[in-house]
Amino acid sequence: MARHLITSALPYINGIKHLGNMVGSMLPADVYSRYLRQRGHDVLYICATDEHGTPAELAAKELGVPVDEFCAQAHDAQKAVYDGYALAFDYFGRSSSPQNAEITQHFARKLNENGFIEERAIRQVYSPTDGRFLPDRYVEGTCPHCGYDKARGDQCENCTRVLDPTDLIDPRSAISGSTDLEVRETKHLFLLQSKLQHEVEAWVARHEADWPQLASSIARKWLTEGLHDRAITRDLDWGVPVPADTWPELAAEGKVFYVWFDAPIEYIAATKEWADAAPAGETRDWKSWWFEADDTVRYTEFMAKDNVPFHTVMFPATELGVREPWKKVDYVKAFNWLTYYGGKFSTSQRRGVFTDQALDILPADYWRYFLVANAPESDDSSFTWEHFTATVNKDLADTLGNFVNRVLSFSRKRFGDDVPAGGTPGEAETRLGEEIARLLAEYEDQMEALQFRKAAAALRALWSAGNSYLEEKAPWLEIKTDKDGAALTLRTAMNLIHLYAVVSEPLIPASSAVMRAAFALPDDTAAWVSADEAKSLASVPAGTPFTVPPVLFAKLTDEDLATYKERFGGDES
């Protein structure tokens with residue numbers, strides 16, 4: 001089986017993320033990783049908190065704690081939330097790790113040796129009030145492109161255009177709010193992306209046809225506009241230090257690498273963190289996933305569209321420039337925005353539902369299923385409480401949950417606590433087996449294609465097929481005249497429940513575990529369901545003890561809907 005390296009965009013350290021962040025990177029990466037593992041592939045899913053840069057310093061300053069202490073606490077808080085969503089990272093690292101400092105400095109030295117880094121004097125914003133140069137994110141103002149009045153000096157959150165602090169209209173210090181700003185000369189390191197333009201273009205050309213249109217169009221737009229040399233150092237107290245053995249003057253001034261230079265390198269570094277964290281007696285070869293791995297590893301990245309330029313252009317330029325055989329991405333799964341009633345989720349403005357709040361309301365599987373079923377793949381999609389409630393009630397509570405409950409409850413009432421015997425599969429069961437095999441193949445195809453909304457629709461169709469079979473056979477009527485026939489119907493339906501438990505695990509792992517545990521199968525090691533197994537529906541034999549689990553999914557009421565909207569807001573404005 002293939003080796004699959006999977007990464008999702010690193011969540012930034014300053015605060016718990018919202019649902020849009022979850023569905024745009026980590027959750028689909030987890031679903032895909034789980035699916036691949038079940039199909040027998042060797043999978044390594046790596047993520048980490050992105051901890052450098054000005055927002056971390058500002059957040060720590062606001063709380064009055066050292067920035068390293070803030071980041072350590074915030075990392076643990078984020079990891080706890082992701083554990084709550086059952087995100088099965090193989091490792092969830094930290095970009096402030098010694099491993100990232102080591103590899104980032106190695107990359108910088110190699111780029112310098114190869115003539116792709118240049119030291120330049122630039123004019124940079126200085127705040128006399130704060131007594132320091134202001135890195136790009138320390139400068140706020142009005143975007144010259146869209147007029148957004150809270151744009152940062154590196155990128156406009158509203159229109160996503162990359163900026164320089166001097167581009168901003170009416171700039172002000174993010175530290176003090178002072179508008180008394182000056183432009184002074186200082187020195188920084190520049191990555192000479194212009195010298196790598198043709199190499200990046202050739203590399204993108206070899207891959208873009210396979211990528212989603214969203215990813216390829218963003219990469220092509222940046223290349224068409226031309227790659228510009230970009231400063232990769234900042235005047236900060238927190239970050240990967242510029243190595244003194246290569247740039248002693250800048251190191252003495254306390255320069256650190258720009259967060260967007262070291263953050264993608266953390267994918268590699270976090271893999272080394274994973275290897276270094278191996279328990280006693282276990283050896284993990286981190287480098288085989290990243291070095292000279294083009295023919296042995298398929299690398300898939302998951303991210304929202306604002307991260308695409310950095311992963312399809314800037315980081316590949318860095319990897320190409322080091323002139324070493326580091327693994328570059330094979331497939332970029334890019335997502336549009338999940339909006340909240342038509343407006344952007346916003347961490348800074350606390351607009352929308354945040355991942356910790358969601359778990360306070362309902363278990364993770366409710367959110368996992370809804371988000372995957374409505375993933376913003378071809379276009380932006382909107383979260384509304386009305387849509388969420390309808391999806392939970394129709395798909396989870398009625399289609400899946402009610403099927404499981406009524407089959408097991410009715411069978412226990414009429415046949416006891418063992419899977420009933422009797423009856424011989426007939427035409428209805430043959431048709432059902434063929435339909436289940438066909439739908440399972442559709443589900444597999446959509447998973448392989450990383451089409452998550454379509455995969456969720458195929459899974460929902462599998463659940464619906466069980467309900468259609470049950471309505472056709474009507475065992476509550478059948479038992480009055482044909483007890484063996486009712487036993488066959490219920491046993492077949494129980495086999496469907498077990499099949500659902502296995503194949504639904506990528507989307508709803510906790511509920512799948514509950515369904516699977518309902519049957520006391522002594523050797524239940526099935527990782528997936530083959531086409532033949534799907535057709536025969538015989539994995540749970542007669543006589544197998546079973547229990548009726550608690551209700552899998554509670555239906556949401558009008559009162560629930562009103563409560564959610566009152567707490568979080570819910571109108572088109």
Side-chain angles (χ1 to χ4, degrees), residues 5-14 25-26 44-57 60 66-76 78-79 82 89-112 117 135 137 189 191 232-234 236-247 250-251 254-278 284-291 293 299 301 303 307 310-311 314-319 321-322 324 326-329:
L5 174 64
I6 296 172
T7 64
S8 52
L10 309 186
Y12 198 71
I13 195 66
N14 63 335
S25 57
M26 290 173 285
L44 187 65
Y45 177 21
I46 295 292
C47 194
T49 38
D50 181 4
E51 300 188 8
H52 292 139
T54 53
E57 284 195 354
V67 65
D68 58 344
E69 180 180 325
F70 165 78
C71 288
Q73 294 173 353
H75 169 86
D76 291 346
Q78 286 200 26
K79 181 59 165 59
Y82 304 143
F89 306 113
D90 287 286
Y91 196 79
F92 187 70
R94 302 180 59 189
S95 70
S96 62
S97 67
Q99 292 90 338
N100 195 35
E102 173 192 346
I103 299 174
T104 297
Q105 290 176 343
H106 170 80
F107 270 49
R109 291 188 187 99
K110 287 296 182 182
L111 288 164
N112 186 58
I117 287 183
R137 283 200 176 203
L189 299 179
L191 177 61
I232 58 168
T233 52
R234 294 292 187 269
L236 290 172
D237 297 324
W238 178 242
V240 175
V242 169
D245 58 5
T246 310
W247 295 282
L250 297 187
K255 308 283 188 185
V256 301
F257 286 107
Y258 177 38
V259 63
W260 263 114
F261 181 72
D262 84 82
I265 297 171
E266 168 61 12
Y267 295 132
I268 304 173
T271 311
K272 189 173 189 302
E273 294 172 51
W274 161 78
D276 292 345
R284 296 172 176 172
D285 183 5
W286 71 273
K287 210 165 187 179
S288 69
W289 291 93
W290 283 103
F291 203 78
Y299 177 21
E301 292 178 342
M303 69 199 67
N307 285 327
F310 302 99
H311 290 79
M314 289 181 63
F315 186 44
T318 298
E319 289 187 292
V322 298
E324 293 178 335
W326 294 98
K327 178 68 181 177
K328 288 172 281 294
V329 66

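The figures that follow rest on heavy atoms only: side chains count, while hydrogens, waters and symmetry mates do not. Nothing here was measured: the structure is a model prediction, and the numbers come from that model. Positions are given from 1 along the sequence.
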Check your understanding: Which is it for Asn307 and Trp260 under the side chain to side chain contact (heavy atoms under 4.5 Å, CB included) test, yes or no, and what are the steps along the way?
Key -> CA-CA 10 Å; Asn307 285 327; Trp260 263 114; 3.4 Å; yes
Practice item. Take Leu189 and Phe257 through the side chain to side chain contact (heavy atoms under 4.5 Å, CB included) test and state the conclusion after the steps. Key: CA-CA 9 Å; Leu189 299 179; Phe257 286 107; 4.2 Å; yes
Exercise for review: Go through the steps to decide whether Val322 and Leu111 satisfy the test side chain to side chain contact (heavy atoms under 4.5 Å, CB included), and finish with yes or no.
Suggested key: CA-CA 5 Å; Val322 298; Leu111 288 164; 3.9 Å; yes
Exercise for review: Please assess Trp247 against Asn112 for the test side chain to side chain contact (heavy atoms under 4.5 Å, CB included), listing each intermediate value before the final yes or no.
Suggested key: CA-CA 10 Å; Trp247 295 282; Asn112 186 58; 3.5 Å; yes
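Annotation: the span from Gln78 atom CD to Arg94 atom CZ amounts to 11.0 Å, rounded to 0.5 Å. Summarising the geometry, atom CG belonging to Asn100 is positioned 7.0 Å from atom NE2 belonging to His52; distances are rounded to the nearest 0.5 Å. Between atom CG of residue Leu44 and atom CG of residue Leu5 there is a gap of 6.0 Å, rounded to the nearest 0.5 Å. With rounding to the nearest 0.5 Å, the separation of CD in Glu57 from CG in Asn14 is 12.5 Å. Rounding to the nearest 0.5 Å places CE of Met303 at 4.5 Å from NE2 of His311. To the nearest 0.5 Å, atoms OH (Tyr267) and CD1 (Ile103) are separated by 14.5 Å.
Listed by chain and residue number, Arg284, Trp286 satisfy the side-chain contact (heavy atoms from CB on, under 4.5 Å) test with Ala275 (two or more places apart in sequence, or in another chain). The side-chain contact (heavy atoms from CB on, under 4.5 Å) test applied to Pro66 returns Asp68, Glu69, not counting sequence neighbours. Residues passing the side-chain hydrogen bond (donor to acceptor under 3.5 Å, both in side chains) test with Thr49 are Glu51, His75, sequence neighbours excluded. Residues passing the side-chain contact (heavy atoms from CB on, under 4.5 Å) test with Ser25 are Ser8, Ala9, Asn21, sequence neighbours excluded. Here Ala56 pairs with Tyr12, Ile13, Val67, Cys71, Trp238 under the side-chain contact (heavy atoms from CB on, under 4.5 Å) rule; sequence neighbours left out.
The side-chain heavy atoms of Tyr82 and Pro11, taken from C-beta on, include a pair separated by under 4.5 Å. Taking 4.5 Å as the limit, some side-chain heavy atom of Ile265 sits within range of a side-chain heavy atom of Phe315.
The list of salt bridge (charged side-chain N to carboxylate O under 4.0 Å, His left out) pairs with a residue in residues 261-276, not counting sequence neighbours, reads Lys272-Asp276.
The only option from Trp289, Tyr299, Phe107, Trp290 that meets the ring-ring contact (aromatic ring centres under 6.0 Å, His included) definition with Trp326 turns out to be Phe107.
Using cut-offs of 30° and 60° for the angle between ring planes, the Tyr45 and Phe89 rings count as tilted.
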